[in-house]
Amino acid sequence: DAMVIQNPRYQVTQFGKPVTLSCSQTLNHNVMYWYQQKSSQAPKLLFHYYDKDFNNEADTPDNFQSRRPNTSFCFLDIRSPGLGDAAMYLCATSRDIVYEQYFGPGTRLTVT
Amino acid sequence: KNEVEQSPQNLTAQEGEFITINCSYSVGISALHWLQQHPGGGIVSLFMLSSGKKKHGRLIATINIQEKHSSLHITASHPRDSAVYICAVKTSGSRLTFGEGTQLTVNP
């Protein structure tokens, strides 16, 4: 089935140790999004790719980076995770900006 | 004041009851999403609406653009419907603005 896949589902990293989260999609959608959701809060958009064009939200910390090597895959890199970066990270895709977003199951990141 | 407000914040129902969750927004939108999130889980998109009404099984979503209001209805509720229901509106570009969610608990 076409879907949005996130790996791993649970990730534990140490304070300051770089970590990469992965998202893949079989929907052939043009747009891929990364959201951060902290406990009991609404998701917050970090950035999105429209094809290869990277669009960063103004308030996304520099500590967060992203790569999209091809249509199917998008990565979220956290260069030096702090305790405050512990959250659920959600990937979503949409055919185009104006279309419905399809969300992956999320990766829960713990920082020790 | 949040741009997207949901009510109620928490809702407890008995199995079989008809449930309504409301969403009001204060900005111009191109579309409104209803999303479902189970504990510790990812988000599932239930509906995307720009006008009128949509129905999927026991779920019905309506939107009134003039009144800037949408409702999500669940008929014949079941314990497996227990989740957080989130209203999100699409404003300009790619941004989704999320409501704070409604925690629904359906007891058997």
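Each chain gets a letter, A, B and so on, in the order its sequence line appears, and its residues count up from 1.
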> How many angstroms lie between atom SG of A:C23 and atom CZ of A:R68, to the nearest 0.5 angstrom?
Replying inline: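 A:C23 SG to A:R68 CZ: 9.0 Å, rounded to 0.5 Å.
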> Rounded to the nearest 0.5 Å, what separation is found between the OG atom of B:S30 and the CD1 atom of A:I97?
Replying inline: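 These two atoms lie 10.5 Å from each other.
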> In terms of heavy-atom pairs under 4.5 Å, which option from A:G104, A:S40, A:G106, A:P105 contacts chain B the most?
Replying inline: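 Sorted descending by pairs with chain B, the first entry is A:P105.
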>> Only pairs of heavy atoms separated by less than 4.5 Å count here; which of A:Q6, A:R108, A:Q37, A:Q41 has the most with chain B?
In response: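 Heavy-atom pairs under 4.5 Å are most numerous for A:Q37.
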Looking at [X] versus [Y], is the centre-to-centre ring distance below 6.0 Å?
{"X": "B:F47", "Y": "B:H33", "answer": "no"}
{"X": "A:F64", "Y": "A:F47", "answer": "no"}
{"X": "B:F98", "Y": "A:Y35", "answer": "yes"}

> Are there residues of residues 76-96 of chain A that reach to under 4.5 Å of chain B by heavy atoms, and which ones?
Replying inline: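 Under the 4.5 Å heavy-atom cut-off, A:M88, A:L90 qualify.
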> Considering residues, nucleotides and ligands other than A:Q11, do more than 12 of their heavy atoms fall under 6.0 Å from its CD?
Replying inline: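 Yes, CD of A:Q11 has more than 12 neighbouring heavy atoms, counting only those of other groups under 6.0 Å.
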> Is the closest side-chain donor-acceptor distance between B:Q6 and B:N22 under 3.5 Å?
Replying inline: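 B:Q6 vs B:N22: no donor-acceptor pair found between side chains.
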> How would you list, by chain and number, every residue that makes a salt bridge (Lys or Arg N to Asp or Glu O under 4.0 Å) with A:K44, sequence neighbours excluded?
Replying inline: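 Testing A:K44 for salt bridge (Lys or Arg N to Asp or Glu O under 4.0 Å), a comparison that skips the adjacent residues, returns A:D59.
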> Which atoms of B:Q37 come close to chain A, meaning under 4.5 Å heavy atom to heavy atom: side chain ones, backbone ones, both, or neither?
Replying inline: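 B:Q37 touches chain A through side-chain heavy atoms alone.
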>> If I measure from the heavy atoms of chain B, does A:Y50 come under 4.5 Å with its side chain, its backbone, both, or neither?
In response: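 Neither part.
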